Amino acid sequence: MSDTTTMEQLVSLCKRRGFVYPASEIYGGINGFWDYGPLGIQLKNNVRDAWWRAMVECPPIGPDGQPVQIVGLDSSIIQNPKTWEASGHVGGFNDPMVDCKECKSRFRADQVAMVTFLVNGDEVMTVGAVCDSPEVAVDEAMSSLNSKNRRRLEKHGDKLVSVVKTVEQLPAGETGNCPKCSGELTEPRMFNLMFDTYTGAIRDENAKTYLRPETAQGIFLNYKNVLDTMRVKVPFGIAQVGKAFRNEVTPRNFIFRSREFEQMEMEWFCCEEDVPMWYEFWKQQRMDFWCKIGLEGDNLIFRDHDGDELAHYSKACVDIEYRYPFTAPGFGELEGIAHRGCFDLTQHQTHSKAKMEYFDQPNNRKFLPHVIEPASGLTRGTLALLCEAFTPDEGRASKVFMKFKPSMAPVKAAVLPLVAKDGMPEIATQLYMQLREKHMVEIDIKQSIGKRYARQDEIGTPYCFTIDGDTLDDNTVTVRHRDTLDQERIPLDGVAKFLDEKITG
RNA sequence: GCGGGCGUAGCUCAGUGGUAGAGCGUCACGUUGCCAACGUGAAUGUCGUGAGUUCGAAUCUCAUCGCCCGCUCCA
């Protein structure tokens with residue numbers, strides 16, 4: 001089966017069985033937005049709760065044998081817009097871009113240089129070049145030339161002079177040439193990756209605010225509040241789960257890249273000397289987490305960012321990548337663990353004038369903590385679980401079943417009377433009322449037993465408890481196992497304990 | 001944003017200018033004895049949306065929205 005087919009079937013199943021619907025569907029949809037159905041939100045909440053549990057409620061044991069300290073937070077989506085100037089998002093998320101009208105290539109305007117070669121003040125040739133800095137532009141331009149043009153320039157020897165301008169610096173009305181095909185480029189155009197809105201009744205530029213493109217900044221804004229009110233000491237972490245918004249150029253691949261998504265981020269504040277140790281610590285912790293909630297080790301990899309891939313403030317960054325069907329045999333990002341140095345606290349201290357320094361009493365010193373940031377996509381994690389669970393099986397009626405780890409399954413168990421008579425529905429209802437006290441369970445009385453098993457397979461319910469004729473005689477029920485189709489009998493009054501052990505054990 | 005493909009019932013799809021269809025699913029009633037059983041019946045469609053051509057458009061044209069693939073983007 002092709003991977004495109006797999007995704008199509010998964011998207012279809014998600015719609016059909018109430019995991020994920022296209023947003024605003026009755027109005028024709030809206031690109032890059034998705035709604036989570038009854039089962040989707042259950043699954044997403046399970047991932048979120050597992051993360052919160054692993055971070056805030058029961059954080060890991062640190063290298064010193066003691067549990068590390070992490071507290072929770074839920075900051076506002078809209079903050080003072082100066083937040084995003086300080087963080088660099090107003091600059092960084094607003095890159096002017098140019099497109100080639102001929103070959104349709106797109107470039108960042110500040111990375112395309114026009115190199116004009118002059119001899120005695122006369123222009124000989126102008127060439128476009130892609131470059132990170134003006135210093136390398138001439139070399140880039142030269143190497144992009146064909147041998148004929150290169151000889152034409154080289155014969156001028158020392159008389160040859162070059163002038164470099166990025167296309168941003170060109171006079172108004174003048175456009176550059178494409179570094180690839182020499183075609184005409186468009187004027188630089190802005191691509192705003194941050195959504196903006198207006199706060200308050202007066203709609204002028206002063207009232208402009210932004211929907212957060214990441215949850216992390218809300219943590220930095222509250223770093224001092226937490227420090228002052230929560231009896232925490234460096235090293236410690238602040239964790240947050242919430243929506244973030246990016247006006248992606250091309251939303252793609254189901255819920256993988258959407259314009260509204262959900263993040264689970266933790267900022268770990270520590271002293272500079274210990275940063276490499278904590279970086280390695282969190283790297284391993286985070287990988288263990290994804291395995292623990294049901295992703296196969298083979299489908300997960302670490303990928304270190306190259307130097308030129310790192311953000312300007314970042315000293316190191318590693319992604320945990322998952323082998324999604326649409327990236328296979330390659331991998332796509334699931335979580336990034338970034339070493340952010342003290343960039344963010346420094347920025348906010350500078351822009352806000354608020355003191356962000358930490359006073360280390362035992363050592364009698366003040367410093368700005370450095371930060372390790374494990375930042376994962378909750379919606380991407382949910383997608384990874386959906387992909388991982390999707391298991392075609394021609395041998396069973398549904399042709400496919402969702403093999404969620406029991407602890408992550410949206411529905412933990414279904415209670416099914418074999419037939420709707422002889423008091424079976426009544427016993428089933430009693431069992432259902434008991435089980436729902438602790439777990440997400442369903443009761444389903446209508447239709448044939450096979451049809452009901454098939455439906456539970458498709459939504460990934462790990463256990464079905466069937467009340468049958470024998471139940472009436474000896475108070476036992478059939479347990480039907482999703483993955484193996486095996487059946488066993490257990491006492492009716494042992495069902496709750498059985499389920500507890502399977503879900504939490 | 002560019003290029004290509006696509007859009008008909010909840011899902012998968014047939015329907016090339018002349019009555020809106022199939023399978024599956026869903027629901028109801030009957031039946032039921034462990035894997036989408038069976039019988040009977042039912043609901044569900046502005047044929048993505050809007051204009052145009054035509055006596056007549058799901059079908060042809062244009063625009064638009066959305067989805068998929070490839071670029072590009074993803075500080």
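These figures come from a predicted structure and were not determined experimentally. Proteins come first, then strands; the chains are lettered A, B, ... in the order of their sequence lines, and each starts at number 1.
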A:Tyr210 ring center near A:Phe195 ring center (under 6.0 Å): no
A:Arg396 to A:Phe401, cation-pi by 6.0 Å centre distance and 45° axis angle: yes
B:C55 and B:G70, which share atom name P, separated by this distance in whole Å: 45 Å
C1' gap between B:C6 and B:A14, integer Å: 16 Å
Option passing side-chain hydrogen bond (donor to acceptor under 3.5 Å, both in side chains) with A:Asp457 (candidates A:Arg480, A:Arg482, A:Arg452, A:Lys403): A:Arg480
Distance-only side-chain donor-acceptor flag, A:Thr209 / A:Thr199, under 3.5 Å: yes
All N/O contacts under 3.5 Å from nucleotides 65-69 of chain B to the protein, with atom names and distances to one decimal?
residue : atom : partner  : partner atom : Å
B:G66   : O4'  : A:Gly28  : O            : 3.2
B:C67   : OP1  : A:Asn31  : OD1          : 3.0
B:C67   : OP2  : A:Asn31  : OD1          : 2.6
B:C67   : OP2  : A:Asn31  : ND2          : 3.2
B:C69   : N4   : A:Arg252 : NH2          : 3.4

OP1 or OP2 of B:G10 under 4.0 Å from side-chain N/O of A:Lys15: no
Main-chain N/O of A:Gly218 paired to A:Gln240 side chain as donor or acceptor, under 3.5 Å: no
Counter-base of B:A36, judged by Watson-Crick or G-U geometry with both distances under 3.5 Å: none
Same-atom distance (C1') from B:A36 to B:G25, integer angstrom: 9 Å
B:U12 - base-pair partner by Watson-Crick or wobble geometry, distances under 3.5 Å: B:A22
C1' gap between B:U16 and B:C2, integer Å: 30 Å
A:Ser314 and A:Arg340 side chains, donor-acceptor separation under 3.5 Å: no
Test applied, salt bridge (charged side-chain N to carboxylate O under 4.0 Å, His left out); reference residue, A:Arg286; option that passes from A:Glu335, A:Glu280, A:Glu321, A:Glu265: A:Glu335
Who pairs with B:U49 - Watson-Crick or G-U, where each distance is under 3.5 Å: B:A63
Stacked cation flag A:Arg380 on A:Phe256, 6.0 angstrom / 45 deg: yes
Euclidean distance, atom CD1 of residue A:Ile445 to atom C1' of B:U31 [Å, nearest integer]: 17 Å
Identified pairing partner of B:C2, criterion: Watson-Crick or G-U wobble below 3.5 Å: B:G70
Atom-pair distance (CG on A:Leu334; C1' on B:C74), nearest Å: 16 Å
Separation of the P atoms in B:G1 and B:A58, to the nearest angstrom: 30 Å
Could you write out each protein N or O paired with an N or O of nucleotides 33-40 of chain B at a distance under 3.5 Å?
residue : atom : partner  : partner atom : Å
B:G33   : O6   : A:Asp422 : OD2          : 2.6
B:G33   : N2   : A:Gly469 : N            : 2.3
B:C34   : O2   : A:Tyr453 : OH           : 2.6
B:C34   : O2   : A:Gln487 : NE2          : 2.7
B:C34   : N4   : A:Asp468 : OD2          : 2.4
B:C34   : N4   : A:Thr478 : OG1          : 2.6
B:C35   : O2   : A:Arg480 : NH2          : 3.0
B:C35   : N3   : A:Arg480 : NE           : 3.0
B:C35   : N3   : A:Arg480 : NH2          : 3.3
B:C35   : N4   : A:Arg480 : NE           : 3.4
B:C35   : N4   : A:Leu485 : O            : 3.2
B:C35   : N4   : A:Gln487 : NE2          : 2.9
B:A36   : N7   : A:Ala397 : O            : 2.5
B:A36   : N7   : A:Ser398 : N            : 3.3
B:A36   : N6   : A:Glu458 : OE1          : 3.4
B:A36   : N1   : A:Arg17  : NH2          : 3.3
B:A37   : OP2  : A:Ser448 : OG           : 2.2

Most 5' of A:Lys446 and A:Glu248 on RNA chain B, judged by nearest nucleotide: A:Lys446
Minimum heavy-atom distance A:Pro22-A:Lys15, with the two atoms named: CD-CD, 4.0 Å
Proximal nucleotide (of B:C71, B:U32, B:C74) relative to the A:Leu193 side chain: B:C74
Nearest-Å distance once atom P is located in both B:C68 and B:C29: 40 Å
Parallel, tilted or perpendicular: rings of A:Phe498 and A:Phe465 (30°, 60°): perpendicular
For B:C27, the Watson-Crick or wobble counterpart (both distances under 3.5 Å): B:G41
B:G15 and B:U59, which share atom name C1', separated by this distance in whole Å: 9 Å
Separation between the C1' atoms of B:U31 and B:C38, rounded to whole Å: 8 Å
